[in-house]
2 protein chains.
Amino acid sequence: MSDTEQAPRGRATAEMVAARAKVSRVAVSRAFNPHTSLKPEKRELILKVAQELNYTPDRAARALVSGRSHLVGVIVPDVCSNWESQEIDALTTALQAEGFATLLFKTRTDYSMDEQLLAYMRGFNPDSVIAFVENVKPQTLARFLDRAVPIYVHYPLPGGGEEPEAEPLHDRLNVLQRDGIDQAVALLQGFGAKRIAYLSGADKSRANGARERTLRQVMADRGLAPPVVARGDFSYDAAYEATINLFRVGDGADAIFAANDVGAFGVLDALRHELKLRVPEDVKVIGFDDIAQSHWKSYNLTTVKFDLDERVRALVRLILRRLNNPDAPGFQETLNTRLVVRGTVG
Amino acid sequence: MSDTEQAPRGRATAEMVAARAKVSRVAVSRAFNPHTSLKPEKRELILKVAQELNYTPDRAARALVSGRSHLVGVIVPDVCSNWESQEIDALTTALQAEGFATLLFKTRTDYSMDEQLLAYMRGFNPDSVIAFVENVKPQTLARFLDRAVPIYVHYPLPGGGEEPEAEPLHDRLNVLQRDGIDQAVALLQGFGAKRIAYLSGADKSRANGARERTLRQVMADRGLAPPVVARGDFSYDAAYEATINLFRVGDGADAIFAANDVGAFGVLDALRHELKLRVPEDVKVIGFDDIAQSHWKSYNLTTVKFDLDERVRALVRLILRRLNNPDAPGFQETLNTRLVVRGTVG
DNA sequence: ACGGAAAGTGAAAACGTGTTCATTCTGAAT
DNA sequence: ATTCAGAATGAACACGTTTTCACTTTCCGT
C-alpha cells in the first residue's frame, strides 16, 4: 500500500484523496462544497488528506458540470490607462474575495476586433463580462446573453436625459455625470471664467460624447456660451498637443474642462511648461475621474469624482445578483458624481 | 426537422453543429484544430454552420482532456502601481496574440496570503504562472511545478554577482541592474554629487534588497561613501514623506536615487512643493523602471530603463518554450538595464 | 488495373468534477 | 421496541471536448 504514496505525478485528483482517506470520491466532492451533508469528522479528515496531497478541485471540471466557471471577463481598451488600471485592480480584489478570478482581454477602441475578440473570450466561458461601451458594440455583445452577462459602464442613457431605462437588454451601471459637471461649471463661473474650453476624449467614444453633451447642456442652462472644443483622445500626449494648439493656433481659453484626469495632466503640463502660463491664475483646469495620481502635488487637480470603490461595489453587486437570478430582466445600478476641489481652480 | 432549429437555448455545442451540418461530432472537433486531417470542403462547411450557431469550443472541456487551459496566471501585489499596470497591459496583449488569456490575482507583499492564494489560483489550472519574488515565496511556489510553470521576474541572483544560475528550479527572468545603476551613479558623480541618498522600496522586498545592494557596490567601486537610506515602500506617498523627513530631520542630500519611478515622483514633488528646492539645481533625482509617466513634463525623470517590450517578449518566449518542452530543466532569460537621461540631473 | 501508403472517418474512451437518486444509517418521538 | 423523518452515503450519470484506434476511402506510381 505504501508504494502508492510515491511520486504523486501531476495534480492530485479527488480519486486519490478518496483512496487515501478511505472514503468515496463523492465524499471528497462534498467535503469541498459547503452546503452538502457530510459527517463533520469525515469532512475534516478529507480536508486534512487533501492538504497533504496538495489537492484542490479542478475548476475546469467543476465548470463543465456546474455551468459556473467563476471567471469574470473584463474587456479593456488598447490604450489602457490609469483609469482602467485602477478599475481592474480594485475589481480583481473584490472579485477574488467572492471566489471569482479576473480574466483580462484587450480590444481596440475603434470596434475593429469586436466579433473576433468576443468569440475568443466566449471560449473561456466567463460567468459574467464587464465591458465598456467604449470598447464593444452593444449589438455584438448581445449574442453573449446565453450565459455571460455583460455589464456596461458609462452607458449613455437614451433621450438625452439621465433617467435609467425601463427594461434594459443587459445589466448596466449608469453614471449620472450631470451633478459633478454642473458643480464644476458653477465653480468656474464663480471665478469669472468666460471662455471655457472642452478637451475631448477619443472621437468615437460614447463616454466622451455623453460627457460633452452634458457639459454643453449644463453651460447652456447657466447662460454660458458653448465651449470651444480641443480634440484629444484621453491620452496625455494628445492632450498636451491639443492644448498647445488651442493657444498657439486658436484663441486660447481661461478655463479648460478635460474629459478625463490623464488628459488634464497633459493640459496642465502644456500650459505650465510649454506655454508658460500659470494655473490657476491664468487658466483654470478641471478633470474627470479622480484617479489616484490626481492628488499628486505636481498636479493637485480639481476634478469630478467618479468614485472607484463605490463603482466596484456596484459592479460586484450586479454580477452576484445576476448569478442568483439568471433569468431576471436587466438590472441597473446608478452612481452619481461630485466635484473634488483641489488646486487647479482658484 | 425544422422544429429543432427553434430557440437554441444556452450555448451551442459541438453536437448541435454536427447535427446541423450532417457530420459526426468528431469532425466538428477536428474542424477547429488545425493539424488534423479533414476534407477541406467539410471543414469549411462545419465552420460556416458553427458561425451560424455562434459556436465556439468550450475551453473548460478542452482543458479537461488536453491538459492545457491556455490561462496564464499573473500575481500582482495589493499596492498595484503603474509599473505592474503597464506590465499586465503589455503582457495581456502579447499573450492574447498567442491564444492565451491573462488571469489576474492580487496578493499581499508581506507574504501573508501566500498559501491560500496559491491554492486558490491552482484551482484554475493555469498553464503558467508569472510571479514576482516580491509577492510569493519561492518555496511556496515550488508546489506548483506539477502542471503550471512559475516564472520569476526580478529574481535576485545568488552570490551577490549577476551571473545566471546554472540550473534554476523554475523558469526565470533575470535582470542585470548593474549597468543601469552604474551609469546613473557615474552621471551623478560627473555632476559632482557628494551625498547620494537611496529612497528604498518596501522593507521586505527582494527587488529592493537587490537594488540597494547593487547601488552600494557600484558606489564603493567608484570610491563613493555609502548612501544614506530613506525608507519608502515603492509608493508615491511614502516617498513624499520620507523625503521631507530626510531633509527636515536628517541631513539632506544633493542627489537621490529612488528604487522606482513612482517613488521618484514623490521625491520630486516633496523637494519642489514642500521643501522649495530646485531640481536639478539643488538636488538631482534618478528613478528606476522608466514607466510611461516618467516622460510627463512635470517630472521629466532621468531613470534607469528596464525595457517593457523587451521584458514582455522574454516572458512570452519563456512561456511558449516551456509549453513545448514540459520536462526541460529551468529556462532563463536575462535582460539588461540602461540609463535614460532626462531633466532631473544636470 | 493493381498495390500500397496516406488521408479521411466515426465509435468509444478519457478528462475530473457536481448532481441525482435510491439506499442505508442515525436519533428522537411514540 | 417501533416508527419515521432526516441525515449520510455511494453508484451511476452528465458536462463538452480531445484523443486513440480501428476502419474505409482516396490517391499515386508502376
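Order of the sequence lines fixes the chain letters, A, B, ..., with proteins taken first and strands second; residue numbering starts at 1 for each chain. Quantities reported herein were computed from a predicted structural model and do not represent experimental measurements.
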Q: Nearest whole angstrom, please: distance from the P of dA11(C) to the CZ of Arg25(B).
A: 10 Å
Q.
Could you tell me how far apart Leu64(A) (CG) and dT18(D) (P) are, to the nearest whole angstrom?
A. 12 Å
Q. Which heavy atom of Met121(A) sits nearest a heavy atom of Ile75(A), and at what distance?
A. CE-CG1, 3.6 Å
Q | Between dT20(C) (C1') and Asn33(A) (CG): distance, integer Å | A | 15 Å
**Q.** Euclidean distance, atom CD1 of residue Ile46(B) to atom C1' of dG8(C) [Å, nearest integer]
**A.** 12 Å
Q) Considering only side-chain heavy atoms of Ala27(A), which listed nucleotide, dT17(C), dG10(D), dA7(D), is closest? A) dG10(D)
(Q) Measure CE/Met16(B) against C1'/dG16(D) and give the value in whole Å, please. (A) 10 Å
Q: Provide, to the nearest angstrom, the distance between the NZ atom belonging to Lys39(A) and the C1' atom belonging to dT9(D).
A: 10 Å
**Q.** Listed nucleotide nearest any side-chain atom of Val26(B), set dG16(D), dA11(C), dA11(D)
**A.** dA11(C)
Q | Phosphate OP1/OP2 of dG18(C) contacted by Ser29(A) side-chain N/O (<4.0 Å) | A | yes
Q) OP1, OP2 of dA7(C) versus side-chain N and O of Ser37(B): anything below 4.0 Å? A) no
**Q.** Between Tyr55(A) and Phe32(A), ring centroids under 6.0 Å
**A.** yes
**Q.** Side-chain H-bond candidate by donor/acceptor type, Asn125(A) with Arg11(B), under 3.5 Å
**A.** yes
Q | Nearest to side-chain heavy atoms of Thr13(A), which nucleotide of dT17(C), dT18(D), dT9(C) | A | dT17(C)
Q. Taking only residues two or more places apart in sequence or in another chain, which ones pass salt bridge (charged side-chain N to carboxylate O under 4.0 Å, His left out) with Arg322(B)?
A. Asp171(B)
Q.
Is it the case that the side chain of Ser24(A) and the backbone of Ala27(A) share a donor-acceptor pair, with hydrogens and angles ignored and the cut-off at 3.5 Å?
A. yes
Q. When you look at CD of Glu310(A), are more than 12 heavy atoms from neighbouring residues, nucleotides or ligands closer to it than 6.0 Å?
A. yes
Q | First encountered from the 5' end of DNA chain D, between Ala60(B) and Thr36(B) | A | Ala60(B)
(Q) Quick check for you: among dT17(D), dG10(D), dT18(D), whose closest atom lies nearest to any side-chain atom of Ser66(B)? (A) dT18(D)
Q: Identify whether any heavy atom of Phe32(B) sits under 4.0 Å from a base atom; if not, whether one sits that close to sugar-phosphate; answer base, sugar-phosphate or nothing.
A: nothing
Q. So what does the secondary structure string of DNA chain D come out as, 5' to 3', with Watson-Crick or wobble pairs under 3.5 angstrom, [ ] for crossing and | for pairs with another strand?
A. ||||||||||||||||||||||||||||||
Q.
Is it the case that over 12 heavy atoms from other parts of the model lie below 6.0 angstrom from the CD atom of Gln116(A)?
A. no
Q | Asp127(B) side-chain N/O to Arg68(B) backbone N/O, donor-acceptor pair under 3.5 Å | A | no
**Q.** Val23(B) or Tyr55(A), whichever maps to the more 5' nucleotide of DNA chain C
**A.** Val23(B)
Q: Could you tell me whether the side chains of Lys106(A) and Thr93(B) share a donor-acceptor contact shorter than 3.5 Å?
A: yes
Q: Let me know the distance between NE2 of His35(A) and P of dG6(D), rounded to the nearest Å.
A: 19 Å
Q) For the base of dG18(C), is there a side-chain donor-acceptor partner from Arg68(A) under 3.5 Å away? A) no
Q | Minimum-distance nucleotide to Arg62(B) side chain [options: dT17(D), dT19(D), dG16(C)] | A | dT17(D)
Which atom pairs link the protein and nucleotides 21-23 of chain D when you take only N or O atoms and keep those under 3.5 Å?
none

Q: Can you figure out which of dT19(C), dT9(C), dG16(D) approaches the side chain of Leu38(B) most closely?
A: dT9(C)
Q | More than 12 heavy atoms from other groups under 6.0 Å of CD on Glu52(B) | A | yes
Q. Is the backbone N or O of Asn54(A) less than 3.5 Å from a side-chain atom of Arg122(B), with the two atoms forming a donor-acceptor pair by type?
A. yes
Q) Does dT9(D) have OP1 or OP2 sitting under 4.0 Å from an N or O in the side chain of Lys42(A)? A) yes
**Q.** Phe124(A) CZ to dT17(D) C1', straight-line distance once rounded to whole Å
**A.** 15 Å
Q) From the list dA14(C), dG16(C), dG18(C), which nucleotide is the closest neighbour of the side chain of Ala61(A)? A) dG16(C)
